[in-house]
Amino acid sequence: MVQGRRLPDGMVYVGSSLRGVSQYVETEPALINPLLLVDDRFPDIDGHYMSYWPSYADITPASRAAYLDWLADGRPGGAYIGYVFLFFYGIERRLLFDKSRDDVPISETNALASEIERLLNLYGESGSFVRYAVQLLSFARCLEVDLDARSLEPPLDRRGWDLSLELKLGLGSIVAAEEPLPALWALSWMRLDPNATLRTAAVRCAEEFNELFQVRYQEIHGTGMKIQRNKTPLTHYYQPASKSFRSQVTINADEIPDVSRLIRPRLQLRAIAESVTNELDPYSRWVGKHGDRESLGAIALLPKELARARQSEELRTFNRRIESALTGTNAATIPVSQLIDGFPAKKANAFSTKEASTFAQLLERLGFGVAPDIRYSNVNLTKHQHAAVFRLDTDETEPSHQYQAATVLLQLGAAVSAADGTISADEERLLESHLEESLHLSETDRTRLRAYLQWLLVEPPSLTRMKSRMQGLSDSERRRIARFAITIAGTDGVVSSDEVKVLNRVYNLLGLDANQLHRDLHELASAPPTQPVTVMQPDEPSGHRIPPPPWRGRSQDFVELDHEKIVAIMKDTREVADLLTSIFEGPTEPESAEEDLVSAEVEEQSSTAADVAGRLLDPTHTELVRFLASRPNWPRSEFEEATSQLGLMPAGAMETINDAAFEQCDEPLIEGDDPLEMNEYALKELLNA
């Protein structure tokens, strides 16, 4: 009981006499002397009469009344921050002074640490209080005599501008034991590095960033990077907020290296962080624009490692729908309206080009593919009644050049095969088997091609529409498509009589006659054919065919093509595919990119503002300032060593930092000659900036 007030849970010093920690401080600032006057009439709730470094003995009776009321109320939020510091001074003394001299039980240490955490949550807007409280928490946790540093948990929340003692102890212990740096510790080091700037995506999507960073780190470094031990022992300083101490408190751990001074590992971790942030940028923009993290549209923008781990009900329903269509097979057709149900789009059942691309990306993230895929064919699946889905059992997601060439002939082949209204089983097998074998497709591309063919069988091109659109083609464009069809049919080096039949129909479709086909075959042949090409096979005789000698050409059933000419024409695969798409599908509708452009500009501006707001120094000099801030003075030799490790010249670094300090507050940061003194006011102003 103090002045009629009950202080419910202690954590304060009460008495008439207690000297400060320093011999020069006569009275402990945190000591509550119950004999001193209290003005209950006009309590100084707003702290108008409080000094910068308050002491209970020196503050006014009105301020004492407000302080005691706050303590009696259970120390809630909203108080003047000076009262919070006055209470905090007592915790500093108990943990940093009494603990080293008395038997303070671990239960009390834990209770005091919990109280600091509670106050941090209530007064986290005070940068000064956060800085002191976070550092004191580190000391409280790391001052245990029997502490095993490797048992520490890596902190992930940056609650101050310097690396915490837990992080330094943990990193140093790992390096001292010559162990690889685990992914979670690497993430902690990167996130808490005072010189690392996290862009918008890493802040807005912190959980996704943390998860993906560890995935990419392990891909590069396996069980972890090996860091060579440096010679600088770990020395950590804490400058108490209370003037009771009058000097900083130091922890020396000579057996543990201070790896926080190493530059190369930090640069490697920042490079991974930058790459991960770039991967998350599209997802971050979606979250910022829509406030949604779990819809199909949002998941489509996540890297596949994160997308497949999502378990929203909407995603499970989507997965079940595709799995049901693929029961017992690797590829199947499905109505487009059923496939895209639930995917966000501006217009119902009508994707824009970007939406169709994002939808295909969603399927890919979940281990599926779709045909048509607008990213590789320029065909928007929502302009058709059906689509084909298939399994992607490997990470080989982007189709090969050979696959894209195959789809060109598939489109033409399906068109001419459907000219009589149906595509026979023989024609289907011819299209599929020839392309798979002659183009040497991978297993994934074979699956993709079969799915594409299944789609063409249920959605064959309209000949009437195609012929009308072909009328707009120039003669050179017709010839280009026709010659390309020959090269695809003859990718294996020869064109058979069966393939000539299909090519005849392709030429007819393009408005070119059979004579033109034979002229093109003659032009692309490795040697002029000596006989006409047979267009109908004779009955097979019984027995076995005698193969021709290797020095003779093939039989009259084949035309050999010049390999170099085929390769030259195949370079135009994508252009010819796009030309055919415009014939089959019509011209691509132009889309307005204005909204996305504005969104990207806003995102970039906010990101840039977050990255460079108040930036007075480049990253290297900023790191030096944060390093110097850990102590009030430095021997000149240590300053020169620090600048050398950062690749800076001592005199130039001092001039650059002091110029920035003058710009910010008209005072230098570094004063004196040896030792160098840190101007506390200039330091606070620079750190606030």
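- Using a 4.5 Å cut-off on side-chain heavy atoms (C-beta onward), M225 and L269 make contact.
- For the residue pair R199/T277, the side-chain donor-acceptor check at 3.5 Å is not satisfied.
- Comment: R64 does not engage D44 in a salt bridge, judged by the lack of any side-chain N to carboxylate O separation of less than 4.0 angstrom.
- E28 has a carboxylate O that lies under 4.0 Å from a charged side-chain N of R93, or vice versa, which qualifies the two as a salt bridge.
- Residues Y217 and L181 form a side-chain contact, since some pair of their non-hydrogen atoms from C-beta on lies under 4.5 Å apart.
- Using bins of under 30°, 30° to 60° and over 60° for the plane-to-plane angle, the ring pair Y67/Y56 lands in the tilted bin.
- No side-chain heavy atom of F97 sits under 4.5 Å from any side-chain heavy atom of E92.
- Of all heavy-atom pairs spanning W286 and S295, the tightest one is CZ2-OG, 3.8 Å.
- Taking the side chain as every heavy atom from C-beta outward, L137 and V134 never approach each other to under 4.5 Å.
- Within the 4.5 Å cutoff, the side chain of E680 has no heavy atoms near those of the L669 side chain.
- Here the options are E211, E207, E294, E305, the test is salt bridge (Lys or Arg N to Asp or Glu O under 4.0 Å), and the partner is R310; only E294 passes.
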Output, in order, the C-alpha distance, side-chain angles, deciding distance and verdict of side-chain contact (heavy atoms from CB on, under 4.5 Å) for L628 and W634. CA-CA 8 Å; L628 295 174; W634 290 87; 3.9 Å; yes
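- Between E279 and R216 there is a side-chain heavy-atom pair separated by less than 4.5 Å.
- Classification of E274 and R270 as a salt-bridged pair fails, no side-chain N sitting under 4.0 Å from a carboxylate O.
- For the ring-ring contact (aromatic ring centres under 6.0 Å, His included) criterion with F129, the lone passing option out of Y80, F85, Y83, Y89 is F85.
- Between E108 and R94 there is a salt bridge, since a side-chain N of the basic residue sits under 4.0 Å from a carboxylate O of the acidic one.
- A salt bridge between K226 and E178 is absent, with no side-chain N of the basic residue lying under 4.0 Å from a carboxylate O of the acidic one.
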